[in-house]
Amino acid sequence: MRYSFLVEGVALMRAPRDHQYDGSTAPEPRCPDEPLGGLTIAPTQPRRGLVLVRVIGEIDMLTAPRFGDVVQNALVAVATERDRGGDPALDEPSPQVVCDLSGVTFFGASGLDVIASAQQTAEEHEVRLVVVADHRTVRRPFRLVALDRRVLLTATHPAIGRRVTAGSAR
């Protein structure tokens with residue numbers, strides 16, 4: 001996993017569930033791999049110029065900042081990789097970040113803010129941002145605020161490796 005640094009090494013803190021925080025003790029450190037608020041984010045790089053960010057769980061006001069950091073870092077990373085240059089003889093596709101939100105069970109307004117901001121960053125860095133969502137939980141908020149007109153929202157992507165079946169994009 002080439003972009004594992006995006007989520008590893010982040011010192012997140014939490015208090016034990018049965019503990020009322022009174023300010024007298026510091027919360028115990030949380031393992032970076034443990035889901036934060038029911039959210040798991042797994043960025044990978046299947047090939048040069050492509051970062052796939054798989055998300056499972058709820059994207060709300062507590063988890064959206066972490067999701068935003070991962071997406072923003074992925075966008076900058078693929079742009080930087082492109083700018084460093086590669087073999088000009090290779091006809092590589094333009095860099096892109098694919099956010100697989102198929103495993104998202106709640107998608108709040110904070111998630112829309114993250115995607116809108118990520119789209120702006122993608123345009124600035126000339127990177128393609130693709131959001132994959134095959135269910136209403138994610139697709140409907142995009143339509144309600146017309147964000148689906150600015151961001152490429154699709155039911156599948158070749159990087160994910162699954163096909164769209166009739167009726168899967170609700």
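The structure presented is a predicted model; accordingly, all values stated were derived computationally and were not measured.
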Value for CG (L153) from CG (D148), rounded to nearest 0.5 Å, stands at 6.5 Å

Hits for side-chain contact (heavy atoms from CB on, under 4.5 Å) against R47, two or more places apart or cross-chain, chain-then-number order -> L50, P93, Q96

Residues A155 and V132: closest non-hydrogen pair is O-CG1, 3.6 Å

Residue pairs meeting ring-ring contact (aromatic ring centres under 6.0 Å, His included), one or both in residues 107-128, sequence neighbours left out, come to F107-F142

Check: Can you tell if the side chain of V97 reaches within under 4.5 Å of the side chain of V78, non-hydrogen atoms only?
Finding: yes

When every non-hydrogen atom of V51 is compared with those of A74, the smallest separation belongs to CG1-CB, 3.7 Å

Interatomic distance, CD1@I56 vs OG1@T40, rounded to 0.5 Å, equals 6.0 Å

Residues at least two apart in sequence or cross-chain that pass side-chain contact (heavy atoms from CB on, under 4.5 Å) with L152, listed by chain then number, are R128, V130

Taken to the nearest 0.5 Å, the spacing of S94 OG from E126 CD works out to 10.0 Å

Residues Q119, T121; criterion side-chain contact (heavy atoms from CB on, under 4.5 Å); working and verdict: CA-CA 5 Å; Q119 179 60 31; T121 301; over 6 Å; no

List the atom pairs, with distances to 0.1 Å, where a side-chain N or O of residues 109-118 and a protein N or O form a donor-acceptor pair under 3.5 Å, not counting sequence neighbours.
unit_1: S117; atom_1: OG; unit_2: Q72; atom_2: NE2; d: 3.3

So CD1 of I59 and OG1 of T137: to nearest 0.5 Å the spacing works out to 11.0 Å

* Report yes if some heavy atom in the side chain of V138 is under 4.5 Å from a heavy atom in the side chain of F106; otherwise report no. => no

Using side-chain heavy atoms (C-beta onward) and a distance below 4.5 Å, is V71 in contact with C99? yes

Open item on the list: If we ignore hydrogens and angles and just use 3.5 Å, is the side chain of R139 paired with the main-chain N or O of A133 as donor and acceptor?
Closed with: yes

Across all chains, not counting sequence neighbours, the side-chain contact (heavy atoms from CB on, under 4.5 Å) partners of T105 are E58

Discussion item. Side chains of T80 and D83 only: does a donor on one sit below 3.5 Å from an acceptor on the other?
Written reply: no

> Are any of the side-chain heavy atoms of L101 and V131 separated by less than 4.5 Å?
Replying inline: yes

Side-chain heavy-atom pair I41, R66 within 4.5 angstrom cut-off
yes

Worksheet item: Is a donor on one side and an acceptor on the other found under 3.5 Å between the side chain of T154 and the backbone of T156?
Response: yes

Find out if a path of hydrophobic residues (ILVMFWY) with successive side-chain heavy-atom gaps under 4.5 Å connects V70 to V151. yes

E124 meets the side chain to side chain donor-acceptor pair (under 3.5 Å) criterion, sequence neighbours left out, with none

The reported gap from NE2 in H157 to CG in D100 (rounded to nearest 0.5 angstrom) is 10.5 Å

Here the pair of heavy atoms bringing P65 nearest to M61 is CD-O, 3.5 Å

